[in-house]
Amino acid sequence: MDVALDVAPYETWRRMRDEAPVYHNERLGFYALSRYDDVATALRDTATYSSAHGNVLEFLSEQEMQSGMMILTDPPAHTRLRSQVARVFTVRRMSALEDDIATICDDLLARWTPGEDFDLVQDFGAIVPSMVMTRLLGVPEEDREAVRKIIDTMFHVLPDVGMFNDIAGGAMAELDRYLGTLLARRAADPGDDLLSGLVQSELSRRECVEFAMLLATAGTETVGRLLGWATVLLDQHPDQRAALAADPSLVPAAVEELLRFEGPSPVQGRWTKADVTLHGVTIPAGSKVLLLTSSAGRDERKYADADRFDVRRTIDHHVSFGYGVHFCLGAALARLESRVALTKMLAHHPAWVVDHERSVRAHTSTVRGWEHVVVH
Ligand code: HEM
């Protein structure tokens, strides 16, 4: 929520890792873990670190969330939901989208004339994932742009209250209604889209809507932000960009480095179910804990020269997609979209120049990245 910190958290994260690996913020009443090992261990320990009380700081409370969204549940409820959706949300279904993704990218990039201004976030990066998502869900073509805008509005944040505001809440209710209606149509007249697959699973109608809502939120902003980071970072490292353009087989590793270096989902919230003592500090049961996955990506205890961006780096593991039972369900799709989109950007105009005067950061309490990146 603090704009200056959101823009450049790196030194603060370093101090936290070095000086306060179990950081306690008394004013806002939360703890934070920032080292790779601690974050990875906590992400896997769902008995101690619960997701059922929320995963965003401003929503975390004593009360359980009463949500059917699996990201807000713990085992065994989570196990049941995840196994049901995994049957529908298959790697095969994602891979089948590759040609569609390539066409979407080509069509959008055709509007970009090298040398002229183009917003690689608003007119490309933010659009590709929501177009893919609406296709995956089976949203009819005429509704896709409207649905994409509703999704964007759900991420609206206001000072002090963050995402807990009427504008974001209204958009969430609107998408919920829309998906409920579409799901009813698919139940009556199934197609081969994901919603049709979901209504035929053992999930209740409510659970299907909540899963589709989760996909629409988790699977759009994140990929859009990653592509924004790719645009800015590769402009800052033209030698690496040239290497990627010359050899697209390097792109998948570059995507992993982007995720490590500037993870679009930097903070995962949890609620402690038991006292836990770490580095001499006891976090009492019933505490809000933030797991700083993006700080973990910069932990020099895990990654040599962690603040150096290097697309040729070999990364054995990172936590930018989470870890353990909540590991990002859409990771394969996110990697596919990012690989195709980045390869297309590099093929279209591999020497873009970012106009920093006109590029603008986005500030939300969940995803971190760019709202506009204007290039020419
Ligand atoms: C670069 C893009 C992405 C990033 C950085 C990202 C990151 C994450 C992270 C960190 C988590 C774990 C949250 C937690 O532990 O509380 C997560 C979970 C999840 N993600 Fe992603 N994600 C991305 C793209 C996607 C896409 C494209 C989809 C869907 C199409 C998706 C769907 C989900 C779902 C459904 C979960 C919840 C899994 C569960 O609770 O079992 N994500 N993601």
Side-chain angles (χ1 to χ4, degrees), residues 33 39-40 42-46 49-57 59-60 65 67-75 77-86 88-91 93-94 97 101 125-126 128-137 151 194 198 207 210-230 254-271 289-297 318-342 366-369:
L33 306 184
V39 170
L43 283 169
R44 292 169 71 190
D45 180 0
T46 54
Y49 298 93
S50 166
S51 294
H53 296 251
N55 63 350
V56 179
L57 180 60
F59 291 113
L60 277 164
M65 291 294 277
S67 165
M69 281 195 192
M70 63 183 174
I71 203 165
L72 299 173
T73 59
D74 296 327
H78 176 268
T79 320
R80 175 185 152 268
L81 291 170
R82 181 124 181 175
S83 74
Q84 284 296 316
V85 302
V88 185
F89 197 91
T90 55
V91 172
R93 197 187 283 274
M94 300 311 114
L97 287 168
I101 299 170
V128 174
S130 46
M131 285 180 86
V132 173
M133 181 58 60
T134 51
R135 255 160 239 247
L136 176 70
L137 290 172
I151 293 171
L194 191 91
L198 282 177
E207 286 170 339
E210 292 192 330
F211 176 62
M213 289 282 292
L214 174 60
L215 286 185
T217 49
T220 51
E221 289 271 328
T222 42
V223 179
R225 301 293 173 227
L226 189 75
L227 293 175
W229 283 118
V255 169
E256 300 311 309
E257 175 67 346
L258 285 162
L259 284 160
R260 176 194 75 81
F261 198 74
E262 292 290 16
S265 172
V267 180
Q268 323 305 323
R270 296 291 190 264
W271 181 265
V289 181
L290 300 184
L291 306 177
L292 305 184
T293 42
S294 284
S295 166
H318 63 69
V319 286
S320 295
F321 280 131
Y323 199 22
V325 300
H326 291 285
F327 177 77
C328 179
L329 180 76
L333 181 59
R335 286 176 163 134
L336 174 66
E337 287 183 53
S338 306
R339 169 173 62 76
V340 174
L342 192 49
T366 48
V367 287
R368 182 169 169 272

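The residues of the chain are indexed from 1 along the displayed sequence. Just so you know, these numbers use all the heavy atoms, side chains as well, and skip hydrogens, waters and symmetry mates. Remember, it's 1-based here, ligands and their atoms both numbered in the order they're listed.
Side-chain contact between L342 and L258: present, with at least one pair of heavy atoms (C-beta onward) separated by less than 4.5 Å. Under the 4.5 Å side-chain criterion, counting only non-hydrogen atoms from C-beta, M69 is not in contact with E207. Counting only heavy atoms from C-beta outward, the side chains of R225 and R368 never approach each other to under 4.5 Å.
Around atom 21 (Fe) of ligand 1, the protein atoms of type N, O or S found under 2.8 Å away are C328 SG, listed by chain and number.
Close to ligand 1: P264, with a non-hydrogen atom less than 4.0 angstrom away. The closest approach between any non-hydrogen atom of L215 and ligand 1 is below 4.0 Å.
When every heavy atom of R93 is checked against every heavy atom of V88, the shortest pair comes out as NE-O, 2.8 Å.
Residue H78 approaches ligand 1 through these ligand atoms, each under 4.0 Å from one of its heavy atoms: 39 (C), 40 (O), 41 (O).
The heavy atom nearest to atom 16 (O) of ligand 1, considering only R335, R270, H326, is found in R270.
Judged by distance alone, the side chains of T46 and D74 never bring a donor and an acceptor atom under 3.5 Å apart.
The N/O atoms of S320, backbone and side chain alike, include none that comes under 3.5 Å of an N/O atom in ligand 1.
For I71, heavy-atom contacts with ligand 1 shorter than 4.0 Å involve the backbone as well as the side chain. By the criterion of a heavy-atom distance under 4.0 Å, neither the backbone nor the side chain of P129 is placed next to ligand 1. Contact annotation for Y323 and ligand 1: no heavy atom of the residue comes within less than 4.0 Å of the ligand. Heavy atoms of V325 found under 4.0 angstrom from ligand 1 belong exclusively to the backbone. When heavy-atom distances to ligand 1 are checked against a 4.0 Å cut-off, M94 has no atom that comes that close, whether in backbone or side chain. Contacts between M133 and ligand 1 below 4.0 angstrom, taking non-hydrogen atoms only, involve the side chain exclusively. Using a 4.0 Å cut-off between heavy atoms, M70 contacts ligand 1 through both its backbone and its side chain.
Ring geometry for F89 against F211 counts as perpendicular: the plane angle is over 60°, on a 0 to 90° scale with 30° as the lower cut.
Residues passing the side-chain contact (heavy atoms from CB on, under 4.5 Å) test with M131, sequence neighbours excluded: I104, L108, I127, R135.
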